[in-house]
Number of protein chains: 2
Amino acid sequence: MRAIDIRQSPDTRERILDAAESLFVEYGFEATSMRQITGRAGVNLASINYHFGAKEALIQEVFRRRLTWLNRERLNALERFEKEAKGAPLKPHQIVEAFFGVSLRMAADTEQGGHTFMRLLGRTYTEPSAFVRQFLADEYAAVVPRFKQALFRSLPDVPPEEILWRFHFMLGAMSYAIAGTDALQLVAEYELDEKDPGALARRLMPFLLGGLRAPLAEAPAKPREKGPRRAV
Amino acid sequence: MRAIDIRQSPDTRERILDAAESLFVEYGFEATSMRQITGRAGVNLASINYHFGAKEALIQEVFRRRLTWLNRERLNALERFEKEAKGAPLKPHQIVEAFFGVSLRMAADTEQGGHTFMRLLGRTYTEPSAFVRQFLADEYAAVVPRFKQALFRSLPDVPPEEILWRFHFMLGAMSYAIAGTDALQLVAEYELDEKDPGALARRLMPFLLGGLRAPLAEAPAKPREKGPRRAV
DNA sequence: GTATGATTCAAACAACTGTTTGAAACGAGC
DNA sequence: GCTCGTTTCAAACAGTTGTTTGAATCATAC
């Protein structure tokens, strides 16, 4: 038996995780077989079950090894801004930077596989599989309330549910952009500069902030206030 | 043999398509088996291959029967605005309304299955499978250039690639919102009102327009102009 | 009635799925 | 040298996959 939390034969483990990560991006979880993974990793078929137990556990580990780090980075960035602010509410652009800026920087890393992982993560946000959804919710459980609170403080005049919906929309815009499918062949002719890691961020961040700070729509049924209100 | 384009036994065909559509939303293409589909539809296993040929063809037909209509509606809306404008460029909000408004109205239809389909479509935008991607690109081939042209005319001062990227982001925000996964459990406590079909549109449309019209970021390497420019 | 073509059906097909097995190989401690 | 726990390996497991088959059923036209 393998003792828990002791990483023996790191080569095999890491090779499996890397192979699985890239194959999941290319074909999805269901369409990727254990034989494909072990084939690309150059290891024996049984080694996945030996090291991880089952395919589901492998999928979770593919996420955990990077997502834990990513979310800690997001919290670090948020806390850095909060320390600077000395108790004052953060600016919306700081909160957006802490959450999405960190993601975009990881997505810009083509060396350590951060790019591949972020593409995978972007796709997985719309994954139907129940256990993946539950796993993602758990991984984000520590991060979401912190960002919620920061946003509520930052935008005290905007209804909380409106803020959350806009955060929701921002997440969609980013994950789709990072996933990089371009299903409509919209930007196919304007490929991102591989050598410029900040290219996507420079395009996306203004869009996100513009959406977050857009004027609120008029109330539908109960028109308490006339005319659009500024969100920020 | 079944003669092409003659719909015999419409019941079986439609039942298969409806069952497949809902199952694809729940479990994805790969994870949904033919036996699940025929089971839910209450038809014989072989009837899928009889009526559609293969699973891939069934998937395509699930999309085609609704997507063709949806894209025609989008073009109709665009042409209606263009007729009103009498040669003048459209307003950005009209273009956004023609493309995304139509989608959101279809997503609000819980009676005829439009809601289910739009959730499926939202997920499929990030689908890895090559043949699905190609199929989507083909289905949109007639629509995309028309909206591109309208946007370029509407925003003559914004670089074309910037416009396309923002359209790309808007598509991501909408499809994620419609897919309704809420991976981060962000808006779980603020469920949309089932009886109010326009609820999502009233939240999303201002966000999209705010993003589209956000100030442009400064140029990175070659700073031709100082300071942010207004996109609109 | 019979004939004809479309559709349905139960059964089987080969190929592939994730997982398990038990033996073989390895590596460090003595 | 030997031992012991870890890791690798080829082979097999039972179950599921999409697809095919050939006979049975149905509907329509004569």
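Chain letters run A, B, ... following the sequence lines, proteins first and then strands; every chain starts at 1. Below, each value reflects all heavy atoms present in this structure, side chains not excepted, and no hydrogens, waters or symmetry copies.
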- Item | Nucleic acid footprint by protein, nucleotides 17-22 of chain D - heavy-atom cut-off 4.0 Å, B for base, S for sugar-phosphate alone | BBBBB-
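- Each of B/Arg13, B/Arg66, B/Lys55 was compared with B/Glu61 under the salt bridge (Lys or Arg N to Asp or Glu O under 4.0 Å) criterion, and only B/Arg13 meets it.
- With sequence neighbours excluded, the residues that form a ring pair (Phe, Tyr, Trp, His ring centres under 6.0 Å) with B/Phe100 are B/Phe167.
- The salt bridge (charged side-chain N to carboxylate O under 4.0 Å, His left out) analysis of residues 95-112 of chain A, with sequence neighbours excluded, yields the pairs A/Glu97-A/Arg105.
- No side-chain heavy atom of A/Ile95 sits under 4.5 Å from any side-chain heavy atom of A/Phe81.
- Residue B/Thr12 has a polar side-chain atom (N or O) positioned under 4.0 Å from OP1 or OP2 of C/dT8.
- We find that OH of A/Tyr27 is positioned 15 Å from P of C/dC16, with the value rounded to whole Å.
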May I have the list of side-chain donor-acceptor pairs in residues 168-176 of chain A shorter than 3.5 Å, sequence neighbours left out?
| from | atom 1 | to | atom 2 | distance (Å) |
| --- | --- | --- | --- | --- |
| A/Ser175 | OG | A/Leu171 | O | 2.9 |
| A/Ser175 | OG | A/Gly172 | O | 3.3 |
| A/Tyr176 | OH | A/Ala183 | N | 3.3 |

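- Residues A/Gln36 and A/Ala31 share a closest heavy-atom pair of OE1-O, 3.3 Å.
- Two residues are said to be in side-chain contact when any heavy atoms from C-beta on lie closer than 4.5 Å; B/Arg74 and B/Met106 fail this criterion.
- Within the structure, every pair that satisfies the side-chain hydrogen bond (donor to acceptor under 3.5 Å, both in side chains) test and touches residues 122-134 of chain B, not counting sequence neighbours, is listed here: A/Thr126-B/Thr126, B/Tyr125-B/Tyr140, B/Gln134-B/Asp138.
- One atom, CG of A/Asn44, and another, P of C/dG18, lie 15 Å apart when rounded to the nearest Å.
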Distances under 3.5 Å between protein N/O atoms and the N/O atoms of nucleotides 23-25 of chain C, please, pair by pair.
none

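- Distances shown here put every side-chain N or O of A/His51 at or beyond 4.0 Å from the OP1 or OP2 atom of D/dT6.
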